Amino acid sequence: MTARIGEAAMVDWAGLRAEAKASARPLWDFLEERLGLGPEALLEALGRHGRLPIVDMAGLDRLTPDYARLPFEEAATRGCLLARDPEDRPVLILTDPWDQASPAFCAHLLGVPFETALAHPADLAALFARHEAGIRAMDALAAPAGNSGPAGEDVEALSLVSIAADSSPIVRMVRSTLYDALKAGASDIHLETSPKGLAVKYRLDGVLSPIAQLPGLETAEQAISRIKVMAELDIAEHRIPQDGRLKVGVEGREVDVRVSIMPSTHGEDAVLRILDRQMLTQERQALTLDQLGFTQEPLERIRGLATQAYGMLLVTGPTGSGKTTTLYAAISEINHGRDKIVTIEDPVEYQLAGVLQIPVNERKGLTFERGLRSILRHDPDKIMVGEIRDPETAEIAVQSALTGHLVFTTVHANNVFDVIGRFTHMGVDPYSFVAAINGIVAQRLLRRNCPHCSQPVIPDPRLLARAGMADAQAAPLRLMAGRGCGHCRGTGFKGRRAVAQILLMTDQLRELISSRAPVTRIKEEAARGGTKSLRAAALEVAAAGETTLEEVDRVTLAE
């Protein structure tokens, strides 16, 4: 049965609602499937049926939630929202047009007339997801000592390993923030001091997301001091940067957190990097290159480089571009137990079974250079050097590749051609470098469109122009974008995938590089060998509907 919007009055809504209840499926999912309507069309149809004005995501963002009258937990449980519109009038947002209990409850709660409107439950869930962490942190800060509730119980499940339990409001706020960040899958927590107080942000899928603004400079100072205590830093020092570590326990596992404190004009800022090694290890027990999202051609090229008998596979890109994960995946695929595999890393991010992994410890004198020299005396077959930072490490890594070892390593550069300049700048002989290198991989991570709320979009002509696509070219493409829902915390993105530029070393390229030929000639020869730019690889992903042109612009440079 397929219904058009104009035929909404002819639909047996009561019967469909009864069927949905009997099937135990979410009402909106059931109705979308049975009626053949998309989210927006179903929202309009239900609004007409219930004689309710409808509110989309943009309309929800213009409202001010009134959590003082209808608390966050109560609103999330009921699936409704009590808010104030831009004219400060009360409005109740429903997600079920047949809901009579929530309007009655709010009528008793307010005692004054209010408007009622209808929103898609995914839109309201997205709004709740954006507000959740801030509400938890604010509640934890404002609650008196000893207060317990749903949020407090969740926070108490996260016990701090390195310090004794403390019931002060600031401690509960810090714990609540850590718990919410772990729950959201954040890689970093940013605590920024401003004249207004403390701003809390999470890095989700590589992008900073504002979470909460806690008022008062005193609150900011106390929160930063508490983190210093947890990381065993000097709480009396406010003028120089400090680095430390702490551990928290959650759900029976330990989570490492690296702490960086930085002085600012208004006090101090803190960044907490979350290293949940146990979860990463569990998720990556069978880590393979297939799981990283590469398309077939670069996937086979990387796999071929990882199975060479000797030489060097070098992965490049900025911090957070997934370089180490790619090397771990490659090593996992070739780790069959017949070779001695040794790594030296800073830090060891997650454990690989059957691999000797050595953490750098510069305080004790164990640097990449010294560790790599020792590894060569440990009879290795394959070596992974976490990062080449200095000329000495670069020289030893190249010599290792030339003496029969397969070396996996990373270096910071923007693309595969910049790597050549980096090694030349570090004083490595070009002839030795090209003789050692099998291939270079430059990679980036693109956020994926959320599979739950992704929908076709009409591209902005300016984006098409920057992408080199005319309107006629864009017409057959599946350009998509997420509108934001509860699954993606309202961002429109869920997860990331890798894109790569790969340079396979050939005799012609070796001759050009060793003779210090112009970069333009090297690029021309590489293109003849199938090397694509990162921009081109990213645009292929956007053309397939997996990400947006805006995300491509964010991650890669226009050519």
Side-chain angles (χ1 to χ4, degrees), residues 8 13-14 16-18 20-21 24-32 39-40 42-144 147-154 211-213 483-487 489-490:
W13 293 108
L16 286 174
R17 188 187 182 211
K21 188 174 182 181
R25 292 185 57 195
L27 174 64
W28 286 71
D29 291 349
F30 179 86
L31 293 177
E32 284 180 16
E40 291 80 5
L42 179 59
L43 176 62
E44 186 175 340
L46 285 174
R48 289 188 179 184
H49 168 67
R51 298 180 180 178
L52 294 170
I54 60 174
V55 182
D56 59 11
M57 195 73 216
L60 287 175
D61 287 336
R62 288 192 290 268
L63 299 176
T64 304
D66 191 353
Y67 293 131
R69 291 183 179 272
L70 184 62
F72 178 82
E73 291 81 1
E74 181 77 20
T77 301
R78 289 180 174 272
C80 65
L81 174 71
L82 184 60
R84 316 289 296 191
D85 66 12
E87 284 75 36
D88 202 35
R89 296 172 299 191
V91 56
L92 175 64
I93 306 298
L94 299 175
T95 56
D96 183 349
W98 297 283
D99 183 1
Q100 297 179 354
S102 295
F105 177 78
C106 287
H108 174 72
L109 200 66
L110 292 174
V112 295
F114 57 90
E115 295 292 328
T116 305
L118 184 68
H120 195 288
D123 290 342
L124 192 59
L127 187 75
F128 285 153
R130 292 205 300 265
H131 289 176
E132 180 179 9
I135 293 297
R136 287 180 181 275
M138 290 293 289
D139 286 349
L141 184 63
N147 182 58
S148 61
E153 292 170 1
D154 289 339
I211 299 299
Q213 178 74 45
R483 61 187 177 85
C485 66
H487 296 280
R489 297 177 68 90

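Each residue takes its place number in the sequence, starting with 1. Remember, it's a predicted structure, so these values are computed and weren't measured experimentally.
Of all heavy-atom pairs spanning D66 and R84, the tightest one is OD2-CD, 4.2 Å. Residues L42 and L31 come closest through the heavy atom pair CD2-CB, 3.8 Å. Shown here for L46 and P97, the closest heavy-atom pair between the two residues is CD2-CG, 4.0 Å.
Both the sub-6.0 Å distance and the 45° axial angle are not jointly satisfied by R89 relative to the ring of F114.
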Output, in order, the C-alpha distance, side-chain angles, deciding distance and verdict of salt bridge (charged side-chain N to carboxylate O under 4.0 Å, His left out) for D123 and R483.
-> CA-CA 9 Å; D123 290 342; R483 61 187 177 85; 2.5 Å; yes
Yes or no on side chain to side chain contact (heavy atoms under 4.5 Å, CB included) for V91 and L81, after CA distance, side-chain angles and deciding distance?
-> CA-CA 8 Å; V91 56; L81 174 71; over 6 Å; no
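Side-chain atoms of L82 and P65, non-hydrogen and from C-beta on, never get closer than 4.5 Å to each other. Side-chain atoms of T64 and D85, non-hydrogen and from C-beta on, never get closer than 4.5 Å to each other. At least one side-chain heavy atom of R78 sits less than 4.5 Å from a side-chain heavy atom of F105.
Among the candidates T95, I93, L92, D96, the single residue satisfying the side chain to side chain contact (heavy atoms under 4.5 Å, CB included) test with C80 is L92.
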Please report, to 0.1 Å, the donor-acceptor pairs under 3.5 Å made by any side chain of residues 115-122, with sequence neighbours excluded.
| residue | atom | partner | partner atom | Å |
| --- | --- | --- | --- | --- |
| H120 | ND1 | A122 | N | 3.0 |
| H120 | NE2 | E32 | OE2 | 3.2 |

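With rounding to the nearest 0.5 angstrom, the CD atom of E40 is 9.0 Å from the CD1 atom of I54.
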